[in-house]
Asker: 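Got a structure here, written out as structure tokens. Questions coming.
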Protein chains: 2
Amino acid sequence: MSITSDLIRGHTETIILALLQQEDSYGYRINKAIRSATDGEYELKEATLYTAFRRLEEAGYIRSYWGNEESGARRRYYAITDAGHDAYRQSLAEWHRANLLINRLVTGIYPREAQEGGESI
Amino acid sequence: MSITSDLIRGHTETIILALLQQEDSYGYRINKAIRSATDGEYELKEATLYTAFRRLEEAGYIRSYWGNEESGARRRYYAITDAGHDAYRQSLAEWHRANLLINRLVTGIYPREAQEGGESI
DNA sequence: ACGATATACCTCGCCTGTCAAGGTATATCA
DNA sequence: TGATATACCTTGACAGGCGAGGTATATCGT
């Protein structure tokens, strides 16, 4: 894994919601999906994942239920709620705004006044 | 301010380096530049800023010197080092990669196998 | 003369999200 | 029988951000 966690920090919940938006899923599978979607460049650690689940459930953005597997280990499935949908849309919008700002800031492309003395306010 | 800190977390140092790449500057001014560049949507808190300075200096990415103001409060100027330039370039590249991954993950656009069962590895 | 505001620096201690390390249990395959 | 994959979970530490507080100088209005 090569992407530092600080760059992803804050996106964990959005990523989970994005996946659950498509269909109910469970921890192990979500984790694998993320890993393979990023070609192994990023993975959520299990501890991170499960604390995120708890946060999301407490916030009312997801709910969980046990799957009825007849074989293999039990699975706890998660489903996104209506509030979760709203939260997801909002997070996505926030990310788009933040993306613009971050790009501007890290590339050092600043409005002229900010560099010339900043008398704008 | 509306952008949550977790979305910016990890970019603080890159943002500072980006500014110092253009010219030496000092804390207060850097802070103002960021605020005005984002139209007030984001600002580094002073505590964050100064701890970042210390980290960057300890890492050898910046060095500092006192300005010789004849009036007004003293200013501690920061200059980027060669190692700082390298670190900046690397951070920027990392950010571009992370940006792609984050976009993919938060929009839920996943390769097919990841959704179908993930037998790719 | 005095207070408010802007400039400019700094520190302490808390909060929050991440994660290493550890644990449990079931099924498959060599 | 042991290794590996699946599948879940918790504890404690760590690091970065930040609220709250502090210091000092200069300017401007009253």
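The sequence lines fix the lettering, A, B, ..., with proteins before strands; numbering per chain opens at 1. Any value given below was found using the heavy atoms of this structure, including those in side chains, with hydrogens, waters and symmetry copies removed.
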Asker: Any donor-acceptor pair under 3.5 Å linking the side chain of B:Q22 with the backbone of A:G108?
Answerer: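 It does hold such a pair.
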Asker: When you compare the side chains of B:S64 and B:E57, does any donor N or O come within less than 3.5 Å of an acceptor on the partner?
Answerer: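 Present: a donor and an acceptor within the cut-off.
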Asker: So with a 6.0 Å cut-off around CD of B:Q90, is the heavy-atom count from everything else above 12?
Answerer: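 Result for CD/B:Q90: open.
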Asker: Are B:Y28 and C:dC9 close enough that a side-chain N or O sits under 4.0 Å from OP1 or OP2?
Answerer: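 It does not, given that no N or O in the side chain of B:Y28 lies less than 4.0 Å from OP1 or OP2 of C:dC9.
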Asker: Indicate for each nucleotide in nucleotides 13-18 of chain C, in 5' to 3' sequence, whether protein heavy atoms under 4.0 Å reach the base (B), only the sugar-phosphate (S), or nothing (-).
Answerer: ---BBB
Asker: Starting at NZ of B:K32 and ending at P of C:dC9, how long is that distance when rounded to a whole Å?
Answerer: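 So the two atoms are 12 Å apart, to the nearest Å.
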Asker: What bend angle does the helix from C:dA1-D:dT30 to C:dA30-D:dT1 show across its length, from five-pair end axes and to the nearest 10 degrees?
Answerer: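 Overall, the helix from C:dA1-D:dT30 to C:dA30-D:dT1 bends by 10° from one end axis to the other.
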Asker: Using a cut-off of less than 4.0 Å, is there contact between a side-chain N or O of B:R54 and OP1 or OP2 of C:dC10?
Answerer: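 Indeed not, no polar side-chain atom of B:R54 lies that close.
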Asker: According to the interplanar angle, ranging from 0 to 90°, do the rings of A:Y78 and A:F53 count as parallel (below 30°), tilted (30 to 60°) or perpendicular (above 60°)?
Answerer: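 Parallel, since the angle between the ring planes stays under 30°.
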Asker: State plainly whether the residues A:R104 and B:E41 are in salt-bridge range, i.e. N to O under 4.0 Å.
Answerer: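 Answer for the salt bridge query: no.
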Asker: Below the 4.0 Å mark, does C:dC9 have OP1 or OP2 next to a side-chain nitrogen or oxygen of B:Y26?
Answerer: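 No, because none of the side-chain N or O atoms of B:Y26 sits under 4.0 Å from OP1 or OP2 of C:dC9.
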Asker: Determine the contact category for A:E69: base if any of its heavy atoms lies under 4.0 Å from a base atom, sugar-phosphate if only primed atoms, P, OP1 or OP2 are that close, otherwise nothing.
Answerer: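 Nothing, no nucleic acid heavy atom in range.
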Asker: Determine whether a donor-acceptor pair (one donor, one acceptor, N or O, separation below 3.5 Å) exists between the side chain of B:E46 and the base of C:dC10.
Answerer: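 Check passes, donor-acceptor contact within cut-off.
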Asker: Identify all pairs in which a protein N or O lies below 3.5 Å from an N or O of nucleotides 26-30 of chain C, and state each distance.
Answerer:
from	atom 1	to	atom 2	distance (Å)
C:dA27	OP1	A:G72	N	3.4

Asker: Distance alone, cut at 3.5 Å: any donor-acceptor contact between the side chains of B:Y77 and B:R75?
Answerer: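 Yes, because at least one side-chain N or O of B:Y77 sits under 3.5 Å from a partner of the opposite role on B:R75.
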